[in-house]
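Since the structure comes first, as C-alpha cells, the remarks are kept for the end.
Residue indices begin at 1 and follow the sequence shown. Just the heavy atoms: all of them, side chains too, but no hydrogens, waters or symmetry mates, feed the values below. Just so you know, ligand 1 is whichever comes first in the structure, and atom 1 is the first atom listed for that ligand.
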Amino acid sequence: MKVPDKIRTNCPKCKKHTQHKVRQARKGKEKRMNWGRRQYERVKAGYGGSPRTPKKPVFKIGKRTVLLLECGECNKKRQKVYSARTKKTVEVGK
Ligand SMILES: [Zn+2]
C-alpha cells in the first residue's frame, strides 16, 4: 500500500487546509504495569491458566497503520489512523 508523502489537509491549530508532511508514526512504548497488563496478570495467577489460549484458529487480519502528519506552516504534529487494513507495510512517499 502506498501513501503520498505530502497531503493537503486540515490543520486544527491553523484552522485551515495546509500542506502536511506524512510519515509513519512509531508505536509508543507500553507502560510497564498498565491496566490491561495488571488485569492479565490477575487472571493468569493461580491454576486458571492463560485466558488467551485460542480455541479456534485465529484468522490473520491486517493492521491499521498510524500516520504522522506534520503541518507545513506551524509544524504541529498529529496522528491519523489510515483507515484501510493492510497486511503489508504501508510505504510512504512512493
Ligand atoms: Zn498548522
Query raised in the report: Does V22 share a hydrophobic cluster with Y82, counting links as ILVMFWY side-chain heavy atoms below 4.5 Å and allowing steps through other members?
Result: yes
Query raised in the report: Looking at K15, H20, H17, which one forms a side chain to side chain contact (heavy atoms under 4.5 Å, CB included) with N10?
Result: H17
**Report entry** Residues R23, L67; criterion side chain to side chain contact (heavy atoms under 4.5 Å, CB included); working and verdict
**Finding:** CA-CA 6 Å; R23 273 183 289 157; L67 299 175; over 6 Å; no
Query raised in the report: Of R8, K13, K16, which is the lone residue that meets salt bridge (charged side-chain N to carboxylate O under 4.0 Å, His left out) with E73?
Result: K16
Enumerate donor-acceptor pairs with a distance under 3.5 Å from any side-chain N or O in residues 35-46 to protein atoms, sequence neighbours excluded.
{"from": "R38", "atom 1": "NH1", "to": "M33", "atom 2": "O", "distance (Å)": "3.2"}

Query raised in the report: Listing by chain and number, what protein N/O/S atoms are under 2.8 Å from the Zn ion (ligand 1)?
Result: C11 SG, C14 SG, C71 SG, C74 SG
Report task. Go through T9 and L69 one step at a time and tell me if the side chain to side chain contact (heavy atoms under 4.5 Å, CB included) criterion holds. Result -> CA-CA 9 Å; T9 185; L69 300 178; 4.2 Å; yes
